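The structure under discussion appears below in the form of structure tokens.
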Amino acid sequence: MIKIDLSSRAALVTGGTSGIGLATAGRLLDAGAAVAICGRNPERLAQAEAQLRERHPEARLIAARCDVLDANDVAALAERIRTGFGRLDMLVNNAGQGRVSTFADTTDEAWREELELKYFSVIRTTRACLPMLRDAARETGDAAIVCVNSLLALQPEPHMVATSSARAGIQNLVRSMASEFAPDGVRVNSILIGLVESGQWRRRFAAQGEGKTWEEWTGDLARKKQIQLQRLGKPEEAAAAIFFLASPQSSYTTGSHIDVSGGLARHV
């Protein structure tokens, strides 16, 4: 495997305390990047920091409590990165979970919560970090934003109507930002994930998987959902796609996406 050297670059991964975010932070640290992670839960944040420092004791790492829906929190995080790293080259917008609801049972409040989470978790962090990303692009010729989005953006599910709608909007936002930021050398792309192993799926397994192993239960789920690879994805597999889009490996790619769904996608 070709070793990518990111030792002169810095990244921020939101939602970096578990799953895809934590795997992405580890992948970036493996390449020598300075990495900031953030999350709302102090205990999970401390656990994630300890895990990353165990693997990378000399890492340039910032672990900050931050609610990405709070403009003051996000501004403070951006300033901490500016002070601590002096730069930011890569932003990974990874906050947010799915909401199970149909049109009939989604309240106005639920719609507002879902749209605010999906949009402003991207908008506020991008707004706060864009000046540093532009500065980095002027220096090196390349900076990148990667949004972790869902296959629901292109293939909506009726039982996740609010999330599907919001995800489609985010995909449009990615394309719009890519066009606007391209003259500054800041690329914007996304990954579209299907079913990826997470704490949420582990909790469902604990509640529903009696008498089955995790592999048996998730295999049955994958076949029921008609995932062609017949398994759930792993956080590290999503992180590999994010790493490609965030790094100079994809320096001629913007306004695009990588499908990480194991063949769940049905569109061409």
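Bear in mind the structure is a predicted one, so any value in this text is a computation, not a measurement. The first residue in the sequence is number 1, and the count goes up from there.
- Taking 4.0 Å as the cut-off between side-chain N and carboxylate O, Asp73 and Arg65 count as a salt-bridged pair.
- The backbone N or O of Gly263 sits less than 3.5 Å from a side-chain atom of Arg266, completing a donor-acceptor pair.
- Residues Cys129 and Leu12 meet the side-chain proximity criterion, which asks for heavy atoms closer than 4.5 Å.
- No donor-acceptor pair under 3.5 Å is formed between the side chain of Asn149 and the backbone N or O of Ile191.
- In the model, Ser198 has no side-chain atom that pairs as donor or acceptor with a side-chain atom of Arg202 under 3.5 Å.
- Counting heavy atoms from C-beta outward, Ile37 and Leu52 have side chains that approach closer than 4.5 Å.
- Here the side chain of Glu237 pairs a donor or acceptor atom with the backbone of Lys234 at under 3.5 angstrom.
- Side-chain contact between Leu173 and Met177: present, with at least one pair of heavy atoms (C-beta onward) separated by less than 4.5 Å.
- Within a 6.0 Å radius of CZ in Arg60, more than 12 heavy atoms belonging to other residues, nucleotides or ligands are found.
- In terms of modelled atom types and a separation under 3.5 Å, the side chain of Arg99 and the main chain of Thr106 share no donor-acceptor contact.
- There is a side-chain donor-acceptor pair under 3.5 Å between Gln171 and Ser190.
- At a threshold of 4.0 Å, the pair Arg27-Glu236 does not count as salt-bridged, since none of the basic side-chain nitrogens sits closer than that to a carboxylate oxygen.
- Salt-bridge check for Arg87 with Asp135: failed, with every basic side-chain N at 4.0 Å or more from each acidic carboxylate O.
- Side-chain heavy atoms closer than 4.5 Å link hydrophobic residues (I, L, V, M, F, W, Y) into clusters, and following such links, even through other members, never connects Phe244 to Leu151.
- Using a distance-only test at 3.5 Å, with no hydrogens or angles considered, no donor-acceptor pair links the side chain of Gln155 to the main chain of Leu152.
- In summary, of the residues considered (Asn189, Val174, Leu154), a side-chain contact (heavy atoms from CB on, under 4.5 Å) with His257 occurs for Leu154 alone.
- Between the side chains of Thr126 and Asn93, at least one donor N or O lies within less than 3.5 Å of an accepting N or O.
- Residues Thr140 and Asp142 have side chains that never bring a donor and an acceptor to within less than 3.5 angstrom of each other.
- One N or O on the side chain of Arg187 and one on the backbone of Leu245 form a donor-acceptor pair closer than 3.5 Å.
- A continuous path of hydrophobic side-chain contacts links Met90 to Ile4 [ILVMFWY only; heavy atoms under 4.5 Å].
- Looking at Arg167 and Glu157, no side-chain N of the basic residue comes within less than 4.0 Å of a carboxylate O on the acidic one, giving no salt bridge.
- When the shell of 6.0 Å around CD of Glu210 is examined, it contains 12 or fewer heavy atoms from other residues, nucleotides or ligands.
- Annotation: side chain of Ser101 is in contact with side chain of Asp105 (closest heavy-atom distance under 4.5 Å).
- With contacts defined as side-chain heavy-atom distances shorter than 4.5 Å, the pair Leu192/Ile258 does not qualify.
- For the residue pair Gln47 / Thr17, no side-chain donor-acceptor distance below 3.5 Å is found, with atom types taken as modelled.
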